[in-house]
J.: 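Take this structure first; my questions come after.
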Amino acid sequence: MAKLDQGPPNYKDMLPPVILENYGKWKYHEIPRPGVLKHVSESGAALYSVRVGSPRLVSIDFIRDLCVVADEYCDGHLRFTTRNNVEFLVSDESKLQPLLDSLDAKGYCVGGTGASISNIVHTQGWVHCHTPATDASGVVKAVMDDLYEYFNSMKLPAKLKMGLACCLNMCGAAHCSDIAIVGVHRTPPRINHEIIRKGTEIPSLVASCPTGAIRPDPKNKSVIVNEDKCMYCGNCYTMSPAMEIYDPKNDGIAILIGGKTSNARSAPSFSRMVIPFLPNNAPRWPETTEAIRNILELWIANAHKGERVGEWVERIGWEKFFSMAGLPFSSMLIDDYIFSRETFRTSASFKY
Ligand code: SF4
Ligand code: SF4
């Protein structure tokens with residue numbers, strides 16, 4: 001019988017010898033060129049990590065191709081980063097340039113280090129989930145194609161992290177990214193009373209609504225939605241297939257900016273909505289790529305060295321950001337959820 005509950009394999013069984021020998025004894029690191037990290041240990045041993053972009057959703061053939069490269073240049077060792085990049089781990093410096101040449105010839109994208117745009121952390125989209133308001137892989141490909149020059153260089157004011165979530169469940173990092181792309185609905189759910197009667201746990205469905213827009217309808221053994229209270233989050237559809245909410249004409253994308261998770265210089269922060277809606281214009285999402293490029297270029301032109309997007313906006317003020325970006329400010333951007341008071345200005349200090 002197969003062994004059960006054995007957990008993941010011990011990661012130490014897969015480390016290159018240079019990492020095992022110098023584990024916990026690294027002295028410093030540097031970035032000799034975009035996409036290449038050099039770690040030097042107390043013993044003087046060096047490890048080069050060559051970072052390569054990946055589309056995250058890959059075939060087994062892609063994985064096998066990576067393994068062939070790792071076998072040839074890295075004694076079979078590689079790793080995936082927390083942003084789903086691949087790192088080839090080279091302990092023999094003489095193999096570094098041949099590896100880079102080979103990756104270049106094969107069309108791999110080397111980059112994602114330092115003050116660059118690394119991979120976009122993203123979700124399932126129309127490939128596999130049942131609740132998305134937009135796609136993930138398609139939008140990410142369109143945006144990274146447009147911004148590729150910032151992946152394989154380090155010319156930004158600071159690192160820029162992007163996240164995409166195809167619905168407000170926000171699987172991933174959209175709530176804490178410098179720039180976030182989030183799928184949004186704009187129409188209320190359509191109730192299928194038959195499905196509710198057949199198999200929905202009504203109290204859980206009622207409790208799933210953050211605004212209390214759903215109430216039981218005992219006469220019909222179903223529920224009623226107060227559409228004036230609904231803000232189209234889609235949580236009720238997660239609870240019950242009777243609450244279909246997707247709407248190809250009205251679903252789309254919101255853009256949020258200014259989030260970060262690190263504690264460097266300033267505290268971690270949530271990203272905030274600056275564009276409430278852009279259309280789902282597949283397959284290249286031109287409105288979304290253009291909006292992101294505009295925000296990015298404004299940040300590049302105006303931020304101080306080392307300033308993340310949120311830190312820059314906090315310094316200049318949100319009013320100034322909206323006027324510089326030429327973005328319309330609407331009531332959609334004013335928080336009206338339970339703890340919204342904290343987000344209002346309670347000071348006379350502002351710029352005309
Ligand atoms: S963000 Fe929403 S739609 Fe996207 S994978 Fe997560 S739950 Fe599914
Ligand atoms: S979409 Fe969200 S706000 Fe609207 S009824 Fe469903 S759970 Fe409530």
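Order of listing sets the numbers, starting from 1, for every ligand and every atom in it.
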J.: Using 30° and 60° as the class boundaries, would you call the ring planes of F270 and H175 parallel, tilted or perpendicular?
T.: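 Rings of F270 and H175: tilted, as their planes differ by 30° to 60°.
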J.: Which of the numbered atoms in ligand 2 are under 4.0 angstrom from any heavy atom belonging to T211?
T.: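 Near T211, the atoms of ligand 2 are 3 (S).
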J.: Would you call K95 and E72 a salt bridge, using N to O less than 4.0 angstrom?
T.: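 Between E72 and K95 there is no salt bridge, as every charged N stays at least 4.0 Å from the carboxylate O atoms.
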J.: List the closest protein heavy-atom neighbour of atom 2 (Fe) of ligand 2: residue, atom name, distance to the nearest 0.1 Å.
T.: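 Ranked first by proximity to atom 2 (Fe) of ligand 2 is C233 SG, 2.3 Å.
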J.: For residues I120 and M144, determine if any side-chain heavy atom of one lies less than 4.5 Å from a side-chain heavy atom of the other.
T.: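 I120 reaches M144 side chain to side chain.
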J.: Tell me the protein N, O or S atoms under 2.8 Å from atom 6 (Fe) of ligand 1, in chain and number order.
T.: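 Listed by chain and number, the atoms are C171 SG.
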J.: Counting only heavy atoms closer than 4.0 Å, does ligand 2 sit against the backbone of Y232, its side chain, both, or neither?
T.: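 Under 4.0 Å from ligand 2, Y232 contributes backbone atoms alone.
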J.: Among protein heavy atoms, which lies nearest atom 8 (Fe) of ligand 2, and at what distance?
T.: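 Its nearest protein heavy-atom neighbour is C209 SG, 2.3 Å.
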J.: Mind telling me whether W285 and W126 have parallel, tilted or perpendicular rings, with 30° and 60° as the class edges?
T.: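 The rings of W126 and W285 sit tilted, inter-plane angle from 30° to 60°.
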J.: Determine whether the aromatic ring centres of residues Y237 and H130 are separated by less than 6.0 angstrom.
T.: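 Yes; Y237 has its ring centre under 6.0 Å from that of H130.
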J.: Which ligand 2 atoms does I245 reach within 4.0 Å, using its non-hydrogen atoms?
T.: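 Here the atoms of ligand 2 in question are 1 (S).
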J.: Are R284 and D145 close enough for a salt bridge, meaning some N to O gap below 4.0 Å?
T.: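 So R284 pairs with D145 through a salt bridge.
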J.: Would you call E87 and R79 a salt bridge, taking side-chain N to carboxylate O under 4.0 Å as the test?
T.: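 R79 and E87: salt-bridged.
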J.: Should the pair R293-E297 be classified as a salt bridge under the 4.0 Å nitrogen-to-oxygen rule?
T.: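 Result for this pair is yes, salt bridge flagged.
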J.: Check K161, K159, R308 against D178 for a side-chain hydrogen bond (donor to acceptor under 3.5 Å, both in side chains) and give me the one that passes.
T.: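 Running side-chain hydrogen bond (donor to acceptor under 3.5 Å, both in side chains) over K161, K159, R308 with D178 returns exactly one hit, R308.
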J.: What are the atoms of ligand 2, with element, lying closer than 4.0 Å to any heavy atom of I214?
T.: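 Listed by number with element: 5 (S).
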J.: Are any of the side-chain heavy atoms of C236 and S208 separated by less than 4.5 Å?
T.: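 Touching, per the 4.5 Å side-chain cut-off.
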J.: Below 3.5 Å, can you tabulate the donor-acceptor pairs from side chains in residues 7-17 to any protein atom, sequence neighbours excluded?
T.:
unit_1	atom_1	unit_2	atom_2	d
N10	OD1	K12	N	2.9
Y11	OH	Y23	OH	2.8

J.: Run the contact test for G234 against ligand 2 with a 4.0 Å cut-off on heavy atoms, strictly below, and give the result.
T.: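 Contact present.
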J.: Nearest protein heavy-atom contact for atom 3 (S) of ligand 2: which residue, which atom, what distance?
T.: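 Going by distance alone, atom 3 (S) of ligand 2 is nearest to M231 N, 3.5 Å.
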J.: What protein heavy atom is closest to atom 4 (Fe) of ligand 2, reported as residue, atom name and distance in Å?
T.: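 I find the closest protein heavy atom is C230 SG, 2.3 Å.
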J.: Does any N, O or S atom of C236, backbone or side chain, fall under 2.8 Å from atom 4 (Fe) of ligand 2?
T.: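 No.
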